[in-house]
S.K.: 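First the structure, which I've put down as C-alpha cells, then a few questions once you've had a look.
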Amino acid sequence: MTTEETSCEPPELTAEQLKEEMLKAYPSKTAKKRAKQMIVNDPDAIPEIGANSRTVPGLITQRGCTYAGCRGVVIGPIHDILHITHGPIGCGYYSWLTRRNMVKAVNEGDTNYLQYAMSTDMMEEQIVFGGEKKLKQAIQEAYDIFKPKAISIYATCPVGLIGDDVHAVAREMKEILGINVFAFSCEGYRGVSQSAGHHIANNGVFKHIVGLDDTPQVHPFTINVLGEYNIGGDAWEIDTLLRKCGIHVVSTLSGDVNYEQIKNAHTAHLNTIMCHRSINYMAEMMEKKYGIPWIKVNFIGADQSAKSLRKIGAFFESKELKDRIEEVIAQEMAALKPIRDRVTARCQGKKAALFVGGSRAHHYQDLFKDIGMEVISAGYEFAHRDDYEGRSVLPNIKVDADSRNIEELTVEEDPQRFRSDFVEKKKRLESEGFSFSDYHGMMTEMKKSTLVIDDISHHEIEKLIKLWKPDIIGSGIKDKFVIEKMGIPCKQLHSYDYGGPYSVFTGAANFYEEIDRMLHTKVWSFVVPPWQKEANGSARPYYAPIKKEREKENTAWKKTAEASEEA
Ligand code: CFM
C-alpha cells in the first residue's frame, strides 16, 4: 500500500487503547462498570471478567428477558406439550416461532403444537382483579381442543407484579384434568437476562418431567445431548452422525424432542453438554439424583466434532465403538477436505468478531479457526464467569441479589435409581486421566491480547468496527443491520436467518461456504449509509479506509469479470 492509500487510516490500536476509546463516551460510573466487562485476554493467566450483572440503563444491549430464556429457549422446543403464556398478548406473540428450533413429526401419532401461540391475552380487567380465573379457563379450553399429554404455563412480568399463583392453578388443573400441568415463575424481570430463565426452566423440567418413565435402555452406548436446540436442524445432523458411529441418543434437550423422551432421559449412560450456559444445571442435578456423569462436547467445527466423538468413544471404552468412530471421522473429514481447503485458501488470515448469547461466541470460533481465520474479539450477551474463565472459578463467583432470586433445587440421591456403578466407573476413568464435569471456557482458547467484551453495546460494536475493522461479525438480529449498514457482513448466529445447519462435518461445509460468500460478495462496497455522507454526499473520512479497500477489491473483480467476458 502507498502512503496515500493509508493516509486516512486510524492508527492500529492495541486492545487496551481500543477499550479506552470505547469507554470514553460513558459517564464515569458506567465506564467503571463496563471496564470490568471488557478484558484484554491472556490465556496463560486468565483475568477476571465482570459478567451476569445488570445492563446499565440507556446502553443498547442484545439481551433478552427471563421469560424468553425459559419459555423460548429451554422448554419451548418440546413439541408435543402445550405451552401457554400467561400474560399480555405481546409476550406470546413475540416468542412465536422466532427461534428456529426445528421439529419433524415423523411417526404416526406424533404431535407438533409449535405452530400455535397460546396465551391468556391478559387485559386491564385481569391486571386489576387478578388473572387466575382466566388462566384456568385457558387451560381447560386448550385441553378440550387438543387433549395434550402435558401443559406448561409461563408467567410474564405483570403476573408476577399482581401476584397470580400460577403454581396453584397448575396443581388444581392437574388434578381436574388428570394430565401433567406445571408452571414456571419466569417473569421477564426476574433475572438480569434470559440466563435466569434457563435456570428456572431446568428446575421445572427436572422436577416435573425427567424420571417419569423408567423403561431401561437396551442399547449399550446411550447418551443425552443437553443444550442443543436444533436451530436450523443442527440437532438432526448431530443425531445422524452419532447414529452412524453407533451411539444412541435417548433425548436431546430440547431440540426436536418429545415429552416421552424427556421422561426417560435419566436412563442414559452419559450426559453430553453442548451449551453449558443454558443447561449445566440439568446435568448437575441428574448426576446428583441418578449418578449420570457429564462431559462437555462441542459439535461446532470439524476438529471439535472429531474431538467430541473421540471423547464419547473413550468414555464407553469399547474397541469396536472407537474403531467405528475413527472410520466415521476419516470419512467425514475426507468429504469435507476439498471444501475446507478451497475456502481456507480464500479466507485465511481474515478477521472475525463474535458476540452471541451464552455459548456460541465460543463454539463458532472453531469454525473460523477451521478455515484459518482469526477471532480478534468476542463476548457473550449473558453468560457467567465460568463460561468465560472456566468452571474452576465457580467457587469464587459471588452470588449477588439478582442470582439469589433464582431457586436452587435441593437434589438428593434417588434411593432406587441412583447408579453407583456409574460413579465407580467415573472414579476409575478419572484416575486414568479422563476429565468429567469440565468446561474450560472461552478465554482459555482465545489468543493473547484479543478483546473479550461481555454484554457488548451498540456503541462498542460501532467503535470496534471503526477502529479494528473486522472482516466479518457473528452476532444477532438486534445489531445485524447496524453492522451491515457500516459495510461489514454480519453472520446471524442465533437463528442463522435462513441458513444452517452448521453442526458437525456436514454443517461445517455449509458454514465455510457461506462465510466465503459473505466475505467475497461485492455488495459491501456499495454500502454508504446516509450518516457516513458529508453534506456534499461524499463518504466521511472515518469510513474511507474500509470503503477504499473494498473499492480496490471491486476494481480487481471488475477487471477479472471484463477479462473473462472478453475471452
Ligand atoms: Fe445456549 Fe442456545 Fe446460546 Fe442460549 Fe440463546 Fe440460541 Fe444463543 Mo440465541 S441456548 S446460550 S439463550 S446456545 S437463543 S440456541 S443462539 S442467545 S448462544
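The structure displayed is predicted, hence computed values, not measured ones. Atoms within a ligand are numbered from 1 in the order they appear, just like the ligands themselves.
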S.K.: Does only the side chain of Ser278 get under 4.0 Å from ligand 1, or the backbone, or both, or neither? Count heavy atoms.
M.R.: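 The side chain, only.
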S.K.: Do Lys149 and Glu260 meet the salt-bridge criterion of a basic N to acidic O distance under 4.0 Å?
M.R.: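 Here Glu260 pairs with Lys149 in a salt bridge, since their nearest N and O are under 4.0 Å apart.
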S.K.: Looking at atom 8 (Mo) of ligand 1, what's its closest protein heavy atom, distance included?
M.R.: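 Answer for atom 8 (Mo) of ligand 1: His494 ND1, 2.3 Å.
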S.K.: Could you check atom 14 (S) of ligand 1 against the protein and tell me its nearest heavy-atom contact, residue, atom and distance included?
M.R.: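 Minimum-distance protein heavy atom for atom 14 (S) of ligand 1 reads Arg99 NH2, 3.1 Å.
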S.K.: Let me check your reading of the structure: within less than 2.8 Å of atom 1 (Fe) of ligand 1, is there an N/O/S atom from His198?
M.R.: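 Of the N, O and S atoms in His198, none lies under 2.8 Å from atom 1 (Fe) of ligand 1, which means no.
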S.K.: In terms of side-chain geometry, is the basic nitrogen of Arg340 or Asp303 positioned less than 4.0 Å from the acidic oxygen of its partner?
M.R.: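 The answer is yes: the pair qualifies as a salt bridge.
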S.K.: As an exercise, identify every atom of ligand 1 less than 4.0 angstrom from a heavy atom of Cys275.
M.R.: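 Per the distance check, 1 (Fe), 9 (S), 10 (S), 12 (S).
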S.K.: Heavy atoms only, cut-off 4.0 Å: how does Ile231 contact ligand 1, side chain, backbone, both, or neither?
M.R.: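 Ile231 to ligand 1: side-chain contact only, backbone stays beyond 4.0 Å.
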S.K.: Is Asp438 paired with Arg391 through a side-chain N to carboxylate O contact shorter than 4.0 Å?
M.R.: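 Not counted as a salt bridge, because no side-chain N and carboxylate O are separated by less than 4.0 Å.
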S.K.: Would you say Phe382 touches ligand 1, if touching means a heavy atom closer than 4.0 Å?
M.R.: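 The answer is yes: ligand 1 sits under 4.0 Å from a heavy atom of Phe382.
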S.K.: Considering only NZ, NE, NH1 and NH2 on the basic side and carboxylate oxygens on the acidic side, decide whether Lys350 and Glu374 come within less than 4.0 Å.
M.R.: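 Looking at Lys350 and Glu374, the cut-off is not met.
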S.K.: At a 4.0 Å threshold, what atoms of ligand 1 neighbour a non-hydrogen atom of Gly358?
M.R.: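 In order of numbering, the contacting atoms are 3 (Fe), 10 (S), 17 (S).
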S.K.: Would you call Asp387-Arg277 a salt bridge at under 4.0 Å N-O?
M.R.: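 A salt bridge is present here (some side-chain N lies under 4.0 Å from a carboxylate O).
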S.K.: So, Arg243 and Glu237, do they make that salt bridge, N to O below 4.0 Å?
M.R.: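 Salt bridge flag = no for Glu237 with Arg243.
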